[in-house]
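Quick notes on the structure that follows.
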Amino acid sequence: QDMTRLDAELSRLRTVDWELETNEVTEVWGAHHKFTQHEDGTIAYLSIDIRDWENTDTGQVATLVGDRIVELSPDGEETEIFTVWDSVEVVEHGLWNIPYYQDMVDWTHANSISYNEADDTYLISLGNLDTLLEVQRSTGEVLDVINDQTYSFVGQSTLFNYQHDAKWTAEGTLLMTTTKGGTFGV
């Protein structure tokens with residue numbers, strides 16, 4: 001992983017009190033979008049994961065920006081829980097050529113993470129792939145792939161549409177927003 005190829009400062013996780021005073025700043029490389037905090041103080045966050053990929057059909061090599069789940073323990077130790085590179089097939093999509101990360105391809109664009117304590121799983125949203133993944137926290141194994149190809153939804157031909165902020169409710173229903181194509185909804 002050559003993470004130096006992205007000209008960006010370190011991301012910062014900030015603890016802010018009610019007077020909006022910063023109490024703590026933790027620098028982490030590549031963190032973006034949402035995070036979730038466990039009762040013991042461990043923070044799980046999304047982080048970019050940059051790698052070169054060769055299209056075996058054309059022989060062309062592209063630098064792709066994927067995503068991973070990283071946990072930051074209260075004592076500052078970082079542990080990679082999951083990376084898309086281990087379980088998601090690279091497929092070109094409609095947002096492939098948009099220059100979001102300089103000259104790199106924004107492959108998965110994870111945009112939310114939530115934690116289900118009862119199952120000890122993370123639910124992450126891969127916006128560019130119109131997909132949710134349910135990932136076992138202890139092993140990093142993908143337990144479920146949730147998208148329009150793996151599930152059918154009553155009354156909806158396309159439910160996943162650049163979804164954000166996906167989470168399971170206490171009732172066991174899925175709650176998320178969708179924003180692609182100028183449509184907005186819940």
Task: Over all atoms of both residues, closest heavy-atom pair of A31 and V28 - done: CB-CG2, 3.5 Å
Open item on the list: Nearest 0.5 angstrom please: I81 CD1 to E141 CD, how far?
Closed with: 13.5 Å
- [ ] Please indicate whether F35 has more than 12 foreign heavy atoms, meaning atoms of other residues, nucleotides or ligands, lying under 6.0 Å from its CZ.
- [x] no
TODO: Step by step, work out the side chain to side chain donor-acceptor pair (under 3.5 Å) result for S125 and N111.
DONE: CA-CA 6 Å; S125 169; N111 57 32; 2.8 Å; yes
Open item on the list: Less than 4.5 Å apart, side chain to side chain, heavy atoms only: is that true for D130 and N147?
Closed with: no
Task: Minimum heavy-atom distance D106-H109, with the two atoms named - done: OD2-ND1, 2.7 Å
Open item on the list: So does W29 get a backbone contact from the side chain of S47, meaning a donor-acceptor N/O pair under 3.5 Å?
Closed with: yes
TODO: Please state whether the rings of H38 and Y122 are parallel, tilted or perpendicular, taking 30° and 60° as the class boundaries.
DONE: perpendicular
- [ ] Give a yes or no on whether the backbone of W168 and the side-chain of S114 come within a donor-acceptor separation of less than 3.5 Å.
- [x] no
Open item on the list: Taking R68's backbone N and O only, do any of them form a donor-acceptor pair with D49's side chain (distance below 3.5 Å, no angle check)?
Closed with: no
TODO: Using atom types as modelled and distance alone, determine if a side-chain donor or acceptor of D144 lies under 3.5 Å from a backbone N or O of I146.
DONE: no
Task: Test side-chain contact (heavy atoms from CB on, under 4.5 Å) applied to V91 - qualifying residues, sequence neighbours left out - done: E89
Task: Closest heavy-atom pair and its distance - P74, G41 - done: CG-C, 3.9 Å
Open item on the list: With rounding to the nearest 0.5 angstrom, report the OG1 to CG distance, T63 to D52.
Closed with: 4.0 Å
Open item on the list: Between N128 (side chain only) and L95 (backbone N and O only), is there a donor and an acceptor less than 3.5 Å apart?
Closed with: no
Open item on the list: Can you confirm whether L175 sits close enough to T173 that some side-chain heavy atom of one is under 4.5 Å from a side-chain heavy atom of the other?
Closed with: no
Open item on the list: I'd like to know if the side chain of T177 pairs up with that of D165 as donor and acceptor (distance under 3.5 Å, no hydrogens or angles considered).
Closed with: no
TODO: For the residue pair F82 and V84, establish whether any side-chain heavy-atom pair is separated by less than 4.5 Å.
DONE: yes
Open item on the list: Could you check whether any side-chain heavy atom of D120 comes within less than 4.5 Å of a side-chain heavy atom of S138, counting everything from C-beta outward?
Closed with: yes
TODO: Test T83 against R51 for side-chain contact (heavy atoms from CB on, under 4.5 Å), laying out the working first.
DONE: CA-CA 11 Å; T83 178; R51 301 189 193 186; 4.0 Å; yes
TODO: Check whether W53 and V88 end up in the same hydrophobic cluster, where Ile, Leu, Val, Met, Phe, Trp and Tyr are linked by side-chain heavy atoms less than 4.5 Å apart.
DONE: yes
Open item on the list: Show, in sequence, the C-alpha distance, side-chain angles and deciding distance for H164 and S112, and conclude whether the side-chain contact (heavy atoms from CB on, under 4.5 Å) test is met.
Closed with: CA-CA 6 Å; H164 283 70; S112 74; 5.6 Å; no
Task: Any donor-acceptor N or O pair under 3.5 Å, side chains T42, E71 - done: no
Open item on the list: Checking side-chain polar atoms at under 3.5 Å, does T169 have a donor or acceptor matched by the opposite partner on E171?
Closed with: yes
Open item on the list: Would you say Y115 ends up clustered with Y45 if hydrophobic residues are merged whenever their side chains have heavy atoms under 4.5 Å apart, either directly or through other cluster members?
Closed with: no
Task: L129 side, atom CG; H93 side, atom NE2 - distance, nearest 0.5 Å - done: 5.5 Å
TODO: Return yes if some donor-acceptor pair links the side-chain N/O of S11 with the main-chain N/O of H32 below 3.5 Å, else return no.
DONE: no
TODO: Can you spot which of V90, L64, I98, N97 makes a side chain to side chain contact (heavy atoms under 4.5 Å, CB included) with V105?
DONE: L64
TODO: Using the test ring pair (Phe, Tyr, Trp, His ring centres under 6.0 Å), find all partners of W85 that sit at least two apart in sequence or belong to another chain.
DONE: W107
TODO: Please round to the nearest 0.5 Å and tell me the distance separating atom CG of L174 and atom CD of E134.
DONE: 10.0 Å
Open item on the list: Once rounded to the nearest 0.5 Å, what's the spacing between atom CD1 of I124 and atom OG1 of T36?
Closed with: 13.0 Å
TODO: Could you tell me the separation between the CG atom of L132 and the CG atom of L123, rounded to the nearest 0.5 Å?
DONE: 5.0 Å
